[in-house]
A.B. asks: 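Sharing a structure below in structure tokens format, with a few things to ask.
Computed from a prediction, not measured in an experiment: that's the story for all the values here. Numbers restart at 1 for each chain; the letters A, B, ... are given by sequence-line order, proteins then strands. In what follows, every heavy atom counts, from backbone to side chain, and hydrogens, waters and symmetry copies are set aside.
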2 protein chains.
Amino acid sequence: MTRIPAQERRAALIGAALRVVSRNGIAQATTRAIVAEAGMSLASFHYAFDSRDELMDELISTVIENTRRAIMPEDLADGALVDVIEAGVVRYFEHLKADPEHEQAMLELTQYALRSPERHPLAQAQYRRYVELAEQSLEIAAERSGAVWHVPVAQVARVLVAFTDGLTLTWLVDRDDAASLAVAHAAADALSRMADPR
Amino acid sequence: MTRIPAQERRAALIGAALRVVSRNGIAQATTRAIVAEAGMSLASFHYAFDSRDELMDELISTVIENTRRAIMPEDLADGALVDVIEAGVVRYFEHLKADPEHEQAMLELTQYALRSPERHPLAQAQYRRYVELAEQSLEIAAERSGAVWHVPVAQVARVLVAFTDGLTLTWLVDRDDAASLAVAHAAADALSRMADPR
DNA sequence: GTCTATACACCGATAGAC
DNA sequence: GTCTATCGGTGTATAGAC
């Protein structure tokens with residue numbers, strides 16, 4: 001009925017798609033379910049996108065772009081490096097608990113991307129972004145606590161991303177908060193040993 | 001044509017299903033693809049199983065049962081605890097590299113199970129089994145190196161499973177062997193600090 | 001028990017009226 | 001540009017001959 005610019009329509013559909021994936025899983029994210037979520041007709045979908053595949057690509061790319069909420073947030077506490085890192089990981093854990101479906105959607109989108117050679121690079125870009133954000137946080141953390149990394153920060157960041165992924169996956173399965181805090185503690189311990197106090 | 005007991009047929013279909021999921025992903029694991037892989041007709045499927053859902057449940061359960069290849073294999077080296085653990089994680093990593101599609105299939109099956117309330121317990125059982133196997137390995141590792149855990153071994157094992165999951169997921173994305181070895185090293189470092197040398 | 005043939009729902013995508 | 005109606009294809013599941 002109302003005329004909506006194609007760009008807005010694309011954005012609305014991508015938002016709807018992410019909500020559907022979060023709520024019901026990627027298997028249920030059919031074009032029909034997505035347009036229903038967006039309150040559009042099926043034909044409008046194919047006016048905005050050539051195909052469902054094109055939307056999925058766009059969705060993954062958008063999701064990478066919007067990963068501003070870093071592995072560890074901006075405002076880090078002061079203190080010993082190990083404590084700063086642990087606080088950051090715990091902060092991420094709180095974020096995970098606040099919106100588990102979102103992180104589950106991220107995991108599903110990654111797995112989905114890994115299954116086709118054309119999309120695999122999208123997953124790699126997603127993880128490069130994760131590592132980049134982790135790297136920034138770790139540099140700030142070292143600065144705050146007056147420590148110096150004696151391992152390339154990029155490598156430390158890659159380990160942090162791996163540990164964070166593991167925390168996420170295992171918690172999504174067993175929802176064991178105490179166990180995940182132990183993971184956060186162990187992760188911070190291991191990471192902090194890659195730096196020397198100054 | 002030939003008469004095959006229902007039980008054998010079920011086993012053959014489950015094996016075929018796992019191969020299809022490994023090779024092409026869970027989204028492609030349709031009943032048609034599975035019976036084609038097993039060399040059966042479509043009707044034979046529904047003679048052996050009431051529904052596709054029933055096969056998926058059975059597949060996940062079977063996969064749990066067959067997780068004998070522990071997170072860390074039986075024959076652990078002697079030496080300092082940290083080295084024994086790292087060797088074990090590296091051994092798992094070699095296993096991952098030898099058959100990445102299998103581990104990818106495990107991850108997809110877990111994610112799939114998480115999406116329905118009835119199947120979530122299956123995923124939890126899968127992870128309890130992982131933790132149990134990790135626990136056994138960690139007990140042996142401590143024994144070999146003459147160390148004593150000062151944290152409940154079950155908790156250490158849960159952390160090991162999380163770290164291993166993270167190593168798996170990140171490696172499947174970027175295939176960065178060096179980075180994954182760094183993850184293995186950091187993981188062993190953190191875990192070994194949960195024990196005291198005797 | 002095992003097959004071929006088919007029912008029926010839902011998928012992505014498009015035609016054509018407005 | 002946006003809709004309703006529909007196409008062709010594929011999904012799970014079943015009927016009925018053998």
Side-chain angles (χ1 to χ4, degrees), chain A residues 1-21 23-61 108-109 111-113 115-116 118-119 122, chain B residues 1-60 105 108-109 111-113 115-116 118-119:
Chain A
M1 198 64 82
T2 37
R3 237 156 243 243
I4 299 173
Q7 204 50 41
E8 274 182 44
R9 210 164 261 277
R10 287 170 73 96
L13 284 166
I14 288 168
L18 182 57
R19 287 195 300 278
V20 172
V21 174
R23 194 169 59 240
N24 301 330
I26 198 165
Q28 305 298 320
T30 63
T31 52
R32 290 180 142 90
I34 293 166
V35 296
E37 174 74 25
M40 292 182 198
S41 73
L42 193 51
S44 296
F45 180 95
H46 287 287
Y47 179 77
F49 290 98
D50 281 352
S51 68
R52 182 180 175 278
D53 277 3
E54 190 185 316
L55 172 118
M56 293 308 290
D57 287 355
E58 197 85 9
L59 171 57
I60 296 172
S61 301
E108 289 187 31
L109 288 172
Q111 298 273 110
Y112 170 80
R115 280 298 179 182
S116 88
E118 316 92 76
R119 266 185 283 268
L122 288 176
Chain B
M1 198 67 80
T2 38
R3 237 159 246 242
I4 299 173
Q7 203 50 42
E8 273 183 42
R9 208 163 263 276
R10 286 170 73 97
L13 284 166
I14 287 168
L18 182 57
R19 287 196 299 279
V20 172
V21 173
S22 296
R23 195 169 58 240
N24 302 331
I26 199 166
Q28 305 299 319
T30 62
T31 52
R32 288 180 140 95
I34 293 167
V35 296
E37 173 74 24
M40 292 182 198
S41 73
L42 194 50
S44 296
F45 180 95
H46 287 286
Y47 179 77
F49 291 98
D50 282 351
S51 69
R52 182 180 174 277
D53 277 3
E54 190 186 315
L55 171 119
M56 294 306 290
D57 287 355
E58 197 85 9
L59 172 57
I60 297 173
E108 289 186 31
L109 287 172
Q111 297 273 109
Y112 170 78
R115 279 299 180 182
S116 87
E118 316 91 76
R119 265 185 284 267

A.B. asks: Measure across A/Arg52 and A/Tyr112 and return the closest heavy-atom pair with its distance rounded to 0.1 Å.
C.D. replies: NH1-OH, 4.2 Å
A.B. asks: Nearest whole angstrom, please: distance from the P of C/dT14 to the CD of A/Glu54.
C.D. replies: 12 Å
A.B. asks: Scan A/Ser44 against the nucleic acid and name what it touches under 4.0 Å (heavy atoms): base, sugar-phosphate only, or nothing.
C.D. replies: sugar-phosphate
A.B. asks: Between B/Glu108 and B/Ile26, is there a donor-acceptor pair closer than 3.5 Å when you use the side chain of the first and the backbone of the second?
C.D. replies: yes
A.B. asks: Working to the nearest 0.5 Å, report the span between OH of A/Tyr47 and CZ of A/Arg9.
C.D. replies: 9.0 Å
A.B. asks: Any chance you could lay out the side-chain contact (heavy atoms from CB on, under 4.5 Å) test for A/Asp57 and A/Phe49, step after step, and finish with the verdict?
C.D. replies: CA-CA 11 Å; A/Asp57 287 355; A/Phe49 290 98; over 6 Å; no
A.B. asks: Assuming nearest nucleotide by heavy-atom distance, tell me which of B/Ala43 and B/Ala6 is located more 5' along DNA chain C.
C.D. replies: B/Ala6
A.B. asks: Whole Å only: how far is the CD atom of B/Glu8 from the P atom of C/dT2?
C.D. replies: 10 Å
A.B. asks: Can you name the closest pair of heavy atoms from B/Ala33 and B/Val20 and give their distance?
C.D. replies: O-CG2, 3.9 Å
A.B. asks: Rounding to a whole Å, what distance do you find between A/Tyr47:OH and C/dA17:C1'?
C.D. replies: 17 Å
A.B. asks: A/Arg10: what forms a salt bridge (charged side-chain N to carboxylate O under 4.0 Å, His left out) with it, not counting sequence neighbours?
C.D. replies: A/Glu54, A/Glu58
A.B. asks: Mind calculating the distance between CG (A/Leu13) and P (C/dA13) to the nearest angstrom?
C.D. replies: 13 Å
A.B. asks: Is there a residue in residues 14-25 of chain B whose heavy atoms reach under 4.0 Å of DNA chain D, and which residues are they?
C.D. replies: none
A.B. asks: What is the per-nucleotide protein-contact pattern of nucleotides 6-12 of chain C, from the 5' end, where B denotes a base atom under 4.0 Å from a protein heavy atom, S denotes such proximity for sugar-phosphate atoms only, and - denotes neither?
C.D. replies: -----BB
A.B. asks: Grab the CZ-P distance between A/Phe45 and C/dT14 for me, whole Å please.
C.D. replies: 11 Å
A.B. asks: To the nearest angstrom, how far is A/Asp50 atom CG from C/dT14 atom C1'?
C.D. replies: 12 Å
A.B. asks: List the atom of B/Met40, the atom of B/Ala12, and the distance in Å for their closest heavy-atom pair.
C.D. replies: CE-CB, 3.9 Å
A.B. asks: Got a second to check how far A/Leu18's CG is from A/Ile34's CD1, nearest 0.5 Å?
C.D. replies: 10.0 Å
A.B. asks: If you define the side chain from C-beta out and look only at heavy atoms, does anything of B/Gln28 sit under 4.5 Å from A/Arg115?
C.D. replies: no
A.B. asks: Ignoring backbone atoms, test whether A/Arg9 places a side-chain nitrogen or oxygen under 4.0 Å from the OP1 or OP2 oxygen of D/dG1.
C.D. replies: no
